[in-house]
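This chain uses plain numbering: 1 for the first residue, then up along the sequence. In listed order, ligands and their atoms are each counted from 1.
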Amino acid sequence: MLNRINHIDSMELFIVKLPLVEPFETSFAIETHKEALLLKISSEGIDGWGECVASPDPYYSSETNETALHIIRAFLLPLIIKMKNFSLQEVLEEFERIRGHNMAKATVENALLDLLARKQNLPLYELIGGEKKRIMSGISIGIKKNPDELLESIKKALSKQYHRIKIKIRKGREIEPLTRVRENFPDIKLMVDANADYSISDIEILKQLDDYDLMMIEQPLEYDDLYFHSLVQKELQTPICLDESIENLNDVKTAINLGSCRIINIKQGRVGGILNAKVIQDYCRNNGIKVWSGGMLETGIGRAFNIHLQTLPGFLLPGDTSETSRYFQEDIVEPPVTLQTDGFIDIPEGDGIGVRVIPDRLTRFTAFSEKIEYK
Ligand code: OSB
Ligand code: MG
């Protein structure tokens with residue numbers, strides 16, 4: 001940030017595909033693999049890494065890894081090629097001309113932030129003004145075949161000391177699982193995520209969720225809605241948390257003014273990067289809205305960005321930051337994320353995001369790569 005980049009020597013794009021230890025089912029898809037678009041930017045012997053949070057398909061967001069690849073290649077990287085002795089702020093100003101495509105923009109922003117931090121021998125959290133501290137953990141449990149499997153997963157997560165449990169629900173698959181969970185675990189910190197499966201006409205079902213002492217209901221209604229969420233929030237005791245509906249600071253301001261939610265899930269990739277996420281958490285903190293850091297089943301690169309982000313003061317609730325072994329048998333970075341005996345997570349030590357990409361694992365998991373060199 002404070003520093004400038006003289007010039008970029010090369011950029012490399014990778015699509016990696018990692019098997020998940022177990023399929024992850026949501027109201028919109030079943031995922032068996034994590035496919036991620038990675039970007040390495042090299043400058044004067046130092047590499048910065050970024051990970052795109054998009055998926056191969058447009059079911060969570062309109063962006064996909066292929067659309068991000070296109071936007072990065074055709075529009076974002078060519079802007080940087082032209083720049084000499086530039087700051088990250090200057091890059092982001094150039095990016096403003098491109099509408100939308102936050103996940104693509106965040107990928108480049110993330111790689112440049114990692115690069116800038118490494119150039120200054122600083123951990124990322126220091127570069128962005130965070131505080132050195134441990135991070136709370138949380139787990140997002142997918143829709144299970146039956147309530148017994150769900151109870152088993154919750155039991156396992158509790159034995160690891162996760163600070164809160166989130167379960168995925170979908171219309172018609174909420175009351176029975178929640179009843180069983182509360183019979184077995186009356187006191188745990190619990191929340192649900194509907195991934196936009198309901199609409200305003202389902203308000204009577206949503207009202208029933210007030211009986212389960214939930215920390216929040218995440219994204220009950222349509223992915224692009226703020227108005228109907230405000231009507232539902234007025235009828236519910238349980239806070240609504242928005243995920244899909246929030247793509248920028250304007251959405252946040254509209255949501256707060258309408259009363260569409262009391263909590264916001266910030267996915268830095270969904271809002272265009274770490275610096276936008278920082279502005280949003282600051283705005284929320286000043287307006288009495290708690291935020292937490294969401295996840296997109298990221299590899300160790302994206303997960304490290306989420307961990308550094310949570311050192312900022314607005315992140316008052318545990319996020320979807322789980323340990324590596326819950327997603328992958330083998331990740332592309334070292335060290336893995338692990339939970340301490342009290343469920344907290346340490347910030348990885350070292351410069352930048354603090355994790356290193358292991359070349360042979362990257363090669364093994366890479367399905368596509370492309371290198372762009374500059375003179
Ligand atoms: O809605 O938060 C979501 C994963 C993929 C897409 C959307 C979501 C999720 C998660 C998993 O809930 C969070 C994680 O553990 O990374
Ligand atoms: Mg969500």
Side-chain angles (χ1 to χ4, degrees), residues 18 20-36 51-65 102-103 135-144 150 153-154 156-157 160 162-170 174 190-198 214-225 229 239-247 251 261 263-271 277 291-307 309-310 317-328 331 336-337 339 345:
L18 281 70
L20 292 169
V21 292
E22 57 179 352
F24 187 73
E25 180 168 352
T26 59
S27 62
F28 61 84
I30 303 178
E31 293 171 74
T32 57
H33 286 74
K34 170 64 191 178
E35 184 194 282
E51 172 174 346
C52 182
V53 302
S55 307
D57 37 50
Y59 304 148
Y60 167 82
S61 73
S62 59
E63 287 188 86
T64 68
N65 287 330
N102 282 346
M103 294 177 179
I135 303 304
M136 285 181 283
S137 64
I139 190 165
S140 171
I141 298 179
I143 296 172
K144 296 291 173 187
L150 174 61
S153 296
I154 293 176
K156 195 171 150 202
K160 299 257 182 185
Y162 277 102
H163 292 132
R164 67 100 168 104
I165 308 273
K166 156 169 148 183
I167 63 174
K168 294 286 190 178
I169 56 168
R170 76 165 168 249
E174 68 294 267
L190 182 68
M191 59 173 287
V192 294
D193 185 0
N195 285 110
D197 207 40
Y198 300 82
L214 302 173
M215 297 170 78
M216 69 195 88
I217 303 172
E218 185 177 343
Q219 195 70 36
L221 309 186
E222 291 83 352
Y223 71 93
D224 55 354
D225 171 76
H229 277 102
I240 288 179
C241 167
L242 291 176
D243 173 354
E244 284 91 328
S245 292
I246 302 292
E247 293 189 343
D251 293 338
C261 65
I263 298 171
I264 289 175
N265 166 347
I266 298 182
K267 289 178 182 163
Q268 62 88 18
R270 197 192 63 228
V271 300
V291 309
W292 53 276
S293 161
M296 292 289 283
L297 313 176
E298 291 92 340
T299 77
I301 296 176
R303 191 169 313 283
F305 280 96
N306 293 343
I307 290 173
L309 179 64
Q310 289 174 77
L317 293 165
D320 279 341
T321 314
S322 308
E323 57 183 353
T324 304
S325 62
R326 168 250 171 344
Y327 306 95
F328 311 112
D331 196 353
V337 175
L339 260 53
I345 295 170

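Between D331 and the options T324, V337, I301, a side chain to side chain contact (heavy atoms under 4.5 Å, CB included) holds for only T324.
The shortest side-chain heavy-atom distance between Y327 and V21 does not fall under the 4.5 Å cut-off.
Below 4.0 Å from some heavy atom of K168 lie the following atoms of ligand 1, by number and element: 1 (O), 2 (O), 3 (C), 8 (C), 9 (C), 10 (C), 12 (O). Short contacts between ligand 1 and Y60, defined as distances under 4.0 Å to a heavy atom of the residue, involve ligand atoms 7 (C). Proximity to D243 (heavy-atom distance under 4.0 Å) selects the following atoms of ligand 1: 1 (O), 2 (O), 3 (C).
A salt bridge links D320 to R164: at least one charged side-chain nitrogen sits closer than 4.0 Å to a carboxylate oxygen. Ion pairing between a basic and an acidic side chain is recognised when a charged N comes within 4.0 Å of a carboxylate O; E22 and K144 show such pairing. Remark: R170 does not engage D197 in a salt bridge, criterion side-chain N to carboxylate O under 4.0 Å.
H229 places a side-chain N or O within donor-acceptor distance of the main-chain N or O of L221, the cut-off being under 3.5 Å. One N or O on the side chain of N65 and one on the backbone of E35 form a donor-acceptor pair closer than 3.5 Å. Using modelled atom types, no side-chain atom of D193 and backbone atom of S140 make a donor-acceptor pair closer than 3.5 Å. Proximity of a side-chain donor or acceptor of E25 to a complementary backbone N or O of S27 within less than 3.5 Å is not detected. A donor-acceptor contact shorter than 3.5 Å links the side chain of R270 to the backbone of D243. For H163 (side chain) and S137 (main-chain N/O), a donor-acceptor pair under 3.5 Å exists by modelled atom type. With hydrogens and angles ignored, the 3.5 Å screen pairs a side-chain donor or acceptor of Q219 with a backbone N or O of E222.
For atom 4 (C) of ligand 1, the nearest protein heavy atom (residue, atom name, distance) is F24 CE2, 3.7 Å. Summary of contacts: the protein heavy atom closest to atom 6 (C) of ligand 1 is M296 SD, 3.5 Å. Closest protein heavy atom to atom 14 (C) of ligand 1: Y327 OH, 3.4 Å. Among all protein heavy atoms, the one lying closest to atom 13 (C) of ligand 1 is G295 O, 3.4 Å. For atom 16 (O) of ligand 1, the closest non-hydrogen atom on the protein side is L297 N, 2.8 Å.
Ligand 1 has no N or O atom lying under 3.5 Å from any N or O atom of R326, backbone or side chain.
Considering each of E244, K267, E298, the one bringing a non-hydrogen atom nearest atom 7 (C) of ligand 1 is K267.
By the criterion of a heavy-atom distance under 4.0 Å, neither the backbone nor the side chain of T26 is placed next to ligand 1. In E218, the part holding a heavy atom less than 4.0 Å from any atom of ligand 1 is the side chain. The part of N195 lying near ligand 1 is the side chain, judged by heavy-atom distances below 4.0 Å. Counting heavy atoms closer than 4.0 Å to ligand 1, residue I139 contributes nothing at all.
Residue K166 places a heavy atom less than 4.0 Å from ligand 1.
To the nearest 0.5 Å, atom CG of residue L297 and atom CZ of residue R326 are 7.0 Å apart.
Residue-and-atom listing of protein N/O/S atoms under 2.8 Å from the Mg ion (ligand 2), sorted by chain and number: D193 OD2, E218 OE2, D243 OD2.
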